[in-house]
Structures are given as structure tokens and as C-alpha cells.
Colleague: 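Dropping the structure in here first, questions after.
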Amino acid sequence: MTRANNIAKEHGIGHIERLLAKENPDALIRKKQKRRVGLPDLNNAENRKVVLRFAPNPNGPLTIGHSRGVVVNSKFAEKYNGKLILRFDDTDTKVKPPLLDAYKWIEEDYEWITGRKPDVIIKASERMPIYLKYAQEMISNGFGYVCRCSSKEFKKLRDDGVSSPYRERSIEENLEDWDKMISGDIEEGDAVVRVKTSMEIPNPALRDWPALRIQHRKHPLVGEKYKVWPLLDFQSAIEDHEQGVSHIIRGKDLMDSTRKQKLLYEHFQWEYPETLYWGRVKVFEFGGFSTSGMKNSIMRNEYSGWDDIRLPTIKSLRRRGFNASSLNDFWIDLGLSQKDISISMQTLESFNVKKIDSLTARRSFIREPIEIDLKIEGINPIILKIPNHPENLVEGHREWIIDENNCKIYIEKQDVEKSDKIRLKDFASIKINKKNGNIESMDIIDKRPIVHWLPKNNSRDAILYIPSEKDVLIQEGLLEMKDISEGMICQLERVGFAKIEKIPNTGPIEMIWLHG
RNA sequence: GCUCGUGUGGUGUAGUUCGGUCCAUCAUGCCGCCCUUUCGAGGCGGCGACCCGGGUUCAAAUCCCGGCACGAGCACCA
């Protein structure tokens with residue numbers, strides 16, 4: 001290299017290039033650093049079966065935040081032709097008790113996001129015998145022990161780096177207490193099983209960490225069968241090994257979890273999976289939210305349910321008409337970084353617009369309608385064929401008929417106030433005089449504003465529900481009622497995308513706002 | 001307090017492993033223009049960043065040291 005630089009000084013860089021071209025053409029390629037697209041490569045993924053897992057707590061349906069885990073894990077599984085396990089980490093009955101319905105909801109949300117079923121579904125609560133077996137093994141081999149300190153007492157010991165008085169008891173004594181825990185003879189909080197690590201580890205979080213605790217509460221799936229339940233770090237570690245998980249992708253708040261679990265794996269002499277982390281995600285529009293917080297708000301009737309259009313749940317996104325593949329694109333674009341990030345729904349919406357613009361029919365929706373009488377002498381009747389999509393990407397068209405009996409139309413108040421000369425989109429340039437409209441030309445004759453409009457005989461009352469931070473805004477108006485159906489997503493011209501949710505026999509059509 | 005992690009435009013990202021066409025990628029956002037019978041979509045152009053300070057080097061976003069900022073863990077929650 002030094003030699004090359006000297007040559008460059010004397011003969012110029014061109015000389016080097018010529019030399020290299022002769023001697024080592026490869027050195028000239030790969031100069032420009034390329035932009036990586038999509039997911040990065042996984043470490044240590046060749047020559048082995050890639051097994052990943054997505055492990056939510058079934059205490060509510062999936063949120064936007066969860067969807068990152070679903071997308072990233074499933075895309076990696078796809079990339080490496082591996083498999084993805086959906087695992088319900090439901091071993092807590094006290095702080096975040098499982099919600100029976102949530103198991104089903106999560107499976108539905110998962111399928112909606114990925115478009116397929118998970119390869120394996122595991123419910124931790126149904127795998128209890130395995131966890132208890134390993135716990136017993138741990139105690140029998142002397143690398144786990146029953147500690148009867150209170151959590152407060154242990155916290156003090158841990159912070160001071162002092163061993164628990166129960167740490168050096170005999171295996172027999174430990175097994176005796178273990179049996180009492182199992183049989184329910186020890187009350188909640190009076191004993192815990194710890195993994196023996198070391199009290200001298202610099203990181204206090206890793207010192208003799210708790211693996212199982214006592215819970216005498218009823219579990220919605222397995223009832224009161226078990227008195228001792230594993231904590232996440234233990235349960236997850238055991239299950240990952242049982243399932244042959246090769247790669248774990250988790251939040252960086254779980255970095256200490258990895259370290260704890262590695263110490264456990266050393267005891268068992270297992271090989272720990274490759275681990276990747278991502279940072280915290282905040283969604284601008286939603287700020288801080290938690291599943292349990294949402295649950296409480298719903299119970300207080302602040303929201304209509306988990307699919308309330310103001311909530312950051314997958315159910316809500318589905319209801320509003322988001323496309324699952326834009327959610328996938330969105331997360332893949334964000335990729336994996338350990339940075340804590342703030343994202344905006346705007347970005348997701350932009351992905352979604354690109355995805356659905358070519359799929360959605362155009363319809364007219366007039367807010368604050370003003371009725372105008374069109375003067376149509378001489379050109380009567382008029383049959384307008386307006387395509388469903390300006391580039392005909394959605395087949396078909398709507399037919400609007402205007403004749404002497406049907407010459408009343410609606411225009412938005414705002415547009416009428418803006419100018420008396422306006423262009424009715426797809427139709428004619430008119431001049432408005434009070435409540436009358438005179439057609440000046442069928443052609444575009446000037447730069448007058450182009451507005452959307454609607455013949456009276458094609459219109460029907462409609463309500464557009466728009467989610468706003470805390471409220472649902474209500475926009476009343478008149479909707480074009482040609483070829484619409486419940487569940488249909490359309491672009492309301494000059495307004496934005498919306499989903500038609502309900503077409504009742506009487507009363508206004510109900511629509512939900514998607515995005516602009 | 002102890003431990004761990006992260007700093008690239010308003011936001012998110014690529015590049016950092018292995019220093020060199022990087023006066024830094026792409027997207028989103030914002031601004032302007034064009035096109036279009038939508039304020040949508042599309043096209044074009046513009047705005048805007050390597051946390052700070054040293055060091056090594058011909059050369060630093062990239063390596064080293066020291067700051068600073070932000071975040072997380074230290075639960076018998078997940």
C-alpha cells in the first residue's frame with residue numbers, strides 16, 4: 001500500500017489503475033459502497049436450520065409495536081427457509097394475567113400480517129411439566145437452589161454482593177423445599193428458585209437470578225394445577241433450547257436476559273442461540289401506550305373496544321383498511337438497529353398509499369354540501385361515464401345521468417365560497433350565480449379550480465369517522481352511492497382514502513377514515 | 001449508585017466488520033415546478049446529517065482515547 005501510494009505520487013492515480021487493471025482487476029471493482037436493501041444477513045445461518053420465534057404475552061391483541069417482531073422474524077424465516085414459532089409466554093397470572101381471547105386474536109393478527117400460519121404454536125402454560133423437570137434437574141445438580149429470602153431481603157444482599165443464607169444448603173434440603181413449593185405448602189412470595197451464578201458478577205442483575213416463583217392463582221388455560229411457575233428468563237431459555245431456536249431477535253431491554261440465560265446454558269452445557277437486538281419504538285401519533293393501559297381504558301369505556309380506530313392495535317389498523325404488505329414493507333425498511341426510534345404513522349401511510357392507490361376506486365364525497373341547480377338547456381340529457389380510476393387501474397366506471405328532472409348537484413361549501421367560476425371534475429366549467437349554475441364550456445377553458453361534485457340523485461347521507469388523538473371526529477356529507485359495498489376501500493376524491501364500514505337499510509352510510 | 005447499549009439531515013435508514021471516487025445512500029417530510037379533468041398517483045428540481053474534542057494516517061462517518069447526550073436493565077412482569 002505504501003509502495004502504491006508512492007507510485008501514485010510520482011505517476012498519478014491513473015497509473016495505479018492501469019497497473020491494477022493488468023495485475024488485479026478485482027481490486028478495481030467494489031469501489032462504490034452499495035446501499036444494502038432489505039434485511040441484513042443473519043450470523044451463523046448457513047448449514048443449519050434457522051428457527052426463530054415470536055413470543056408475545058397473551059394479555060391483549062397485537063399492537064403496531066408487536067408487528068415489528070412478527071414481520072422481522074417471519075421475513076428472516078422466509079429468507080433462510082427456516083421456521084417460525086409463535087410462542088405464548090403466559091406464565092404470569094398476577095401482574096399481566098393472560099386473556100383467554102387474546103390467544104385467538106394474536107393468531108388472527110399474526111396470520112393477517114404474514115399471510116400464513118406460524119409453523120409451530122406453543123403455549124408455555126401447556127409446557128409446564130418440561131420447565132418443572134428442568135428446574136428439578138437444576139436443583140439436583142446443585143446449580144439452582146430454593147431461596148426463602150423475601151424479595152426485599154435479597155435485593156439488599158444482591159446489591160451488597162453477599163450470598164443468600166440459603167445458597168449453600170444441601171441438595172437434599174433444597175429438594176425438600178422444592179417439593180413444598182410444588183405441593184403448595186409454601187405461600188406466594190415465601191420462596192423462589194434461583195440460578196446459582198455468582199454474587200461477584202459486576203452486573204447486579206445477573207447475580208443468582210430468580211428462575212421460578214410461587215403463584216397460587218388460577219390460570220385461564222390450566223387452572224390451579226401448578227403452584228410454581230417459571231419466570232420469563234427461565235421459561236424462555238428452556239423453551240428456546242427445546243425448540244432448537246437458532247436465532248433470537250429481541251428488544252435491547254432484554255440484553256441482560258441474554259446474559260442471564262447464557263449463564264444458565266453454561267450450567268446445562270447447551271449452546272446459546274445467536275442473538276440480535278432492536279431498540280425501543282415510539283409512534284409519534286400514539287405516544288406511550290401499553291397493553292394493560294389500553295385494557296383499562298377500554299374497561300372504562302373510553303374506547304369502544306380493541307379495534308377502536310384511535311388505538312394502535314393491529315385490529316384497529318385492519319379495521320381501518322390498512323394493507324398488511326405495507327406494514328411488512330415499512331418494518332423491513334426500518335430494519336434492525338439498536339437505536340431507540342420515533343416513527344410516524346405518516347411513513348406507514350405513505351407506504352400504504354403506494355400500495356392501495358392502484359387498487360381503489362374513486363368516489364365522490366361532498367362535505368358541507370351546497371345544492372346547485374344546473375342549467376342544462378340544449379344539452380339534455382347528459383350521460384357521464386366516469387372511470388373508477390383515472391388510469392383505469394380499477395376496471396369499470398360509474399354512470400351519472402343529468403337531465404331536466406335530475407339537474408340538482410352538490411358542491412362542497414368551501415369550493416363554492418372559493419370561486420364562482422369552477423370546473424366540475426370530469427364534466428364542465430360552470431359559473432355559479434347564487435343557487436344556479438350555468439355551463440360555460442365542456443372544455444377546460446382556463447385555470448379555474450377543479451372540484452369534485454355529485455348529482456343529487458346519486459347521493460346518499462354518509463358519515464366519515466376520523467380518528468384523532470383522543471376523539472373520533474365526525475364528518476357528515478353526501479356519498480356517491482354507485483357500486484359500493486361494505487368493507488370496500490375507496491378514495492374519496494380530493495379528500496382521501498376511507499373504508500366503507502356499514503351500509504344500513506336506513507340512515508347514513510358509515511365510513512372510516514384511512515389516510516390522506 | 002452499579003451494569004449495559006446507542007449516537008449519520010425534521011423522521012427513519014445505507015455505508016462503520018476490512019479507513020480511500022462518501023464534497024455521504026435511499027425513503028419519508030417540507031418547498032417549488034411539470035403533467036393529469038382530484039388537493040391522489042406519477043415526473044423533475046430544491047432543502048437538510050456523519051454528537052463534541054483530541055489522536056493515528058497521505059487519507060477518518062469508518063480506527064484509538066477522552067468527553068457529552070440519550071435510552072435500557074438492576075421485578076417473585078413479559
Side-chain angles (χ1 to χ4, degrees), chain A residues 1-2 5-6 8-9 13 31-37 40 55-59 89-97 124 147 149-152 154-155 158-159 161 188-194 201-207 209-215 228-229 231-233 235-236 250-260 277 279-281 284 291-292 329-330 333-344 346-351 353-354 357-358 360 362 364 386 389-391 393 423-429 442-444 449-452 491-497 516:
Chain A
M1 184 52 82
T2 317
N5 283 325
N6 287 334
K9 254 183 206 164
I13 194 78
K31 266 192 173 169
K32 185 91 178 173
Q33 289 165 335
K34 274 179 273 167
R35 176 176 171 78
R36 198 204 75 228
V37 281
N57 178 346
N59 62 340
D89 283 346
D90 58 348
T91 57
D92 171 49
T93 57
K94 185 178 175 183
V95 184
K96 293 176 182 169
C147 175
C149 301
S150 70
S151 58
K152 268 197 187 121
F154 188 80
K155 181 178 166 51
R158 186 201 55 215
D159 289 346
E188 282 188 18
D190 288 348
V192 66
V193 175
R194 294 188 181 283
I201 300 175
N203 185 345
L206 313 186
R207 296 171 188 163
W209 54 272
L212 301 98
R213 82 315 211 171
I214 299 168
Q215 290 185 137
V228 181
W229 288 83
L231 285 144
L232 172 81
D233 292 321
Q235 177 269 125
S236 174
R250 53 167 50 140
K252 67 173 181 177
D253 52 315
L254 258 29
M255 277 183 163
D256 281 347
S257 230
T258 303
R259 298 181 184 106
K260 288 183 201 173
Y277 303 96
R280 279 182 79 85
V281 177
F284 271 136
T291 302
S292 44
D329 294 350
F330 174 71
D333 188 61
L334 286 196
L336 282 172
S337 88
Q338 291 190 30
K339 269 202 292 192
D340 296 326
I341 56 174
S342 288
I343 55 163
S344 163
Q346 268 192 350
T347 311
L348 211 210
E349 289 169 0
S350 155
F351 274 92
V353 170
K354 287 183 178 63
D357 181 75
S358 59
T360 49
R362 271 54 174 168
S364 207
I386 302 169
H389 188 281
E391 284 125 55
L393 298 173
R423 167 101 190 145
L424 300 180
K425 187 174 177 297
D426 297 310
F427 180 36
S429 302
M442 304 303 282
D443 300 317
I444 296 180
I450 298 165
V451 306
H452 65 299
Q491 190 196 102
L492 306 175
E493 298 210 61
R494 295 180 62 228
V495 178
F497 294 88

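Keep in mind that the numbers below use all heavy atoms, side chains included, and drop hydrogens, waters and symmetry copies. Numbered from 1 within each chain, the chains take letters A, B, ... in sequence-line order.
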Colleague: Scan nucleotides 8-14 of chain B nucleotide by nucleotide, 5' to 3', and note B when protein non-hydrogen atoms come under 4.0 Å of the base, S if they reach only the sugar-phosphate, - if neither.
Modeller: B--SSBS
Colleague: Distance between the C1' atoms of B:C23 and B:A27, in whole angstroms?
Modeller: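 Between the two C1' atoms, the distance is 22 Å.
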Colleague: For atom C1', what is the distance between B:U13 and B:U25, given to the nearest Å?
Modeller: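 Each nucleotide's C1' atom is 9 Å from the other's.
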Colleague: Could you write out RNA chain B as a dot-bracket string, with dots for unpaired bases, | for bases paired across to another strand, and Watson-Crick or G-U pairs counted at under 3.5 Å?
Modeller: (((((((..(((.......[.....)))((((((.......))))))...(((((..]....))))))))))))....
Colleague: Would you say that A:Leu232 contacts A:Asp89 through its side chain, given a criterion of any heavy-atom pair below 4.5 Å between the two side chains?
Modeller: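 Yes, close enough: below the 4.5 Å cut-off.
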Colleague: Sequence neighbours left out, what passes side-chain hydrogen bond (donor to acceptor under 3.5 Å, both in side chains) with A:Asp329? Give chain and number order.
Modeller: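 With sequence neighbours excluded, A:Asp329 shows a side-chain hydrogen bond (donor to acceptor under 3.5 Å, both in side chains) to A:Lys355, given in chain and number order.
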Colleague: In whole Å, measure the gap between the C1' atoms of B:G7 and B:U56 for me.
Modeller: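 Between the two C1' atoms, the distance is 23 Å.
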Colleague: Test of understanding: with side-chain hydrogen bond (donor to acceptor under 3.5 Å, both in side chains), list the residues that count as partners of A:Lys425, not counting sequence neighbours.
Modeller: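 A:Glu493.
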Colleague: Send over the distance from A:Asp256 CG to B:G73 P, rounded to a whole Å.
Modeller: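 Those two atoms, CG and P, are 9 Å apart.
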Colleague: Whole angstrom is fine here: how far is it from NZ in A:Lys425 over to P in B:G40?
Modeller: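 Going from A:Lys425 (NZ) to B:G40 (P), I get 12 Å.
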Colleague: Starting from P on B:A27, measure out to CG on A:Leu348 and report it in whole angstrom.
Modeller: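 My rounded result for the distance is 18 Å.
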Colleague: Considering heavy-atom distances to RNA chain B, does A:Lys252 or A:Ala428 have its closest nucleotide positioned more toward the 5' end?
Modeller: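 Looking at the nearest nucleotide for each, A:Lys252 comes out on the 5' side.
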Colleague: Considering only atom P, compute the distance from B:G20 to B:G15 and round it to an integer number of Å.
Modeller: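 The same atom, P, in both gives a distance of 13 Å.
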Colleague: To the nearest angstrom, how far is A:Arg423 atom CZ from B:U36 atom C1'?
Modeller: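 Taking CZ of A:Arg423 and C1' of B:U36, I get 13 Å after rounding.
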Colleague: For A:Thr291, give me all partners under side-chain hydrogen bond (donor to acceptor under 3.5 Å, both in side chains), at least two apart in sequence or on another chain.
Modeller: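 A:Thr291: no side-chain hydrogen bond (donor to acceptor under 3.5 Å, both in side chains) contacts found.
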Colleague: In whole Å, I'd like the distance from the CZ atom of A:Phe351 to the C1' atom of B:A27.
Modeller: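 After rounding, the gap between these two atoms is 6 Å.
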Colleague: Mind checking side-chain hydrogen bond (donor to acceptor under 3.5 Å, both in side chains) for A:Ser344 and listing every partner two or more places apart, or none if nothing turns up?
Modeller: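 If we apply the side-chain hydrogen bond (donor to acceptor under 3.5 Å, both in side chains) test to A:Ser344, skipping adjacent residues, the hits are A:Glu285.
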Colleague: In sequence, state the C-alpha distance, the side-chain angles, and the governing distance for A:Lys155 and A:Asp159, and then conclude on salt bridge (charged side-chain N to carboxylate O under 4.0 Å, His left out).
Modeller: CA-CA 6 Å; A:Lys155 181 178 166 51; A:Asp159 289 346; 3.7 Å; yes
Colleague: Who are the side chain to side chain contact (heavy atoms under 4.5 Å, CB included) partners of A:Val95, not counting sequence neighbours?
Modeller: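 Listed in chain order: A:Asp92.
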Colleague: In this structure, how many angstroms lie between the P atom of B:G7 and the CZ atom of A:Arg280, rounded?
Modeller: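 For the pair A:Arg280 CZ and B:G7 P, the rounded distance is 18 Å.
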Colleague: side-chain contact (heavy atoms from CB on, under 4.5 Å) with A:Met255: which of A:Gln338, A:Lys260, A:Arg250?
Modeller: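 Testing each of A:Gln338, A:Lys260, A:Arg250 against A:Met255, the sole residue satisfying side-chain contact (heavy atoms from CB on, under 4.5 Å) is A:Gln338.
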Colleague: Could you list the residues that satisfy ring pair (Phe, Tyr, Trp, His ring centres under 6.0 Å) with A:Tyr277, not counting sequence neighbours?
Modeller: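 So A:Tyr277 forms no ring pair (Phe, Tyr, Trp, His ring centres under 6.0 Å) with any residue.
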Colleague: Could you check how far CZ of A:Phe330 sits from P of B:A27, rounded to whole Å?
Modeller: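 Taking atom P of B:A27 as the reference, CZ of A:Phe330 is at 16 Å.
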Colleague: Is any side-chain N of the basic residue among A:Asp443 and A:Arg423 closer than 4.0 Å to the acidic one's carboxylate O?
Modeller: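 No, A:Asp443 and A:Arg423 are not salt-bridged.
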Colleague: What interatomic distance, in whole Å, is found between C1' of B:A69 and the corresponding atom of B:G53?
Modeller: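 B:G53 and B:A69 have their C1' atoms separated by 15 Å.
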Colleague: Mind checking side chain to side chain contact (heavy atoms under 4.5 Å, CB included) for A:Pro97 and listing every partner two or more places apart, or none if nothing turns up?
Modeller: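 A:Pro97: no side chain to side chain contact (heavy atoms under 4.5 Å, CB included) contacts found.
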Colleague: Would you mind reporting whether A:Val192 and A:Leu212 have side-chain heavy atoms less than 4.5 Å apart?
Modeller: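 In short, these two side chains do not touch, never coming nearer than 4.5 Å.
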Colleague: Taking atom P in both B:A60 and B:U21, compute the distance separating them and give it to the nearest angstrom.
Modeller: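 Looking at atom P only, B:A60 and B:U21 are 11 Å apart.
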Colleague: Distance check needed: B:C2 C1' versus A:Asn203 CG, whole Å only.
Modeller: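 Nearest whole value for this atom pair: 8 Å.
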Colleague: Distance check, C1' atoms only: B:U62 and B:U8, in whole angstrom units.
Modeller: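 B:U62 and B:U8 have their C1' atoms separated by 12 Å.
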Colleague: For nucleotides 41-45 of chain B, tabulate all protein N/O to nucleotide N/O atom pairs closer than 3.5 Å, reporting atom names and distance.
Modeller:
none

Colleague: Flag the pair A:Asp340 / A:Lys252 as yes when at least one side-chain heavy-atom distance between them is below 4.5 Å, and no otherwise.
Modeller: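 They are in side-chain contact.
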Colleague: CD/A:Gln346 to CZ/A:Phe351 distance, rounded to the nearest 0.5 angstrom?
Modeller: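 Here the interatomic distance stands at 13.0 Å.
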Colleague: Work out how far the P atom of B:C33 is from that of B:C39, and round it to whole angstrom.
Modeller: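 B:C33 and B:C39 have their P atoms separated by 13 Å.
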Colleague: Within the sub-3.5 Å range, which N or O atoms of nucleotides 76-78 of chain B have a protein N or O partner, and how far apart are they?
Modeller:
residue: B:C76; atom: N3; partner: A:Gly189; partner atom: O; Å: 2.9
residue: B:C76; atom: N4; partner: A:Cys149; partner atom: O; Å: 3.1
residue: B:C76; atom: N4; partner: A:Ser151; partner atom: N; Å: 3.2
residue: B:C76; atom: N4; partner: A:Gly189; partner atom: O; Å: 2.6
residue: B:C77; atom: OP2; partner: A:Arg213; partner atom: NE; Å: 2.5
residue: B:C77; atom: OP2; partner: A:Arg213; partner atom: NH2; Å: 2.9
residue: B:C77; atom: O3'; partner: A:Arg213; partner atom: NH2; Å: 3.4
residue: B:C77; atom: O2'; partner: A:Asp92; partner atom: OD2; Å: 3.0
residue: B:C77; atom: O2; partner: A:Lys96; partner atom: NZ; Å: 2.3
residue: B:A78; atom: OP1; partner: A:Thr91; partner atom: OG1; Å: 3.1
residue: B:A78; atom: OP1; partner: A:Arg213; partner atom: NH2; Å: 3.1
residue: B:A78; atom: OP2; partner: A:Leu232; partner atom: N; Å: 3.0
residue: B:A78; atom: O3'; partner: A:Asp89; partner atom: O; Å: 3.1

Colleague: Excluding sequence neighbours, so at least two apart, what forms ring pair (Phe, Tyr, Trp, His ring centres under 6.0 Å) with A:Trp209?
Modeller: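 A:Trp209 satisfies ring pair (Phe, Tyr, Trp, His ring centres under 6.0 Å) with no other residue.
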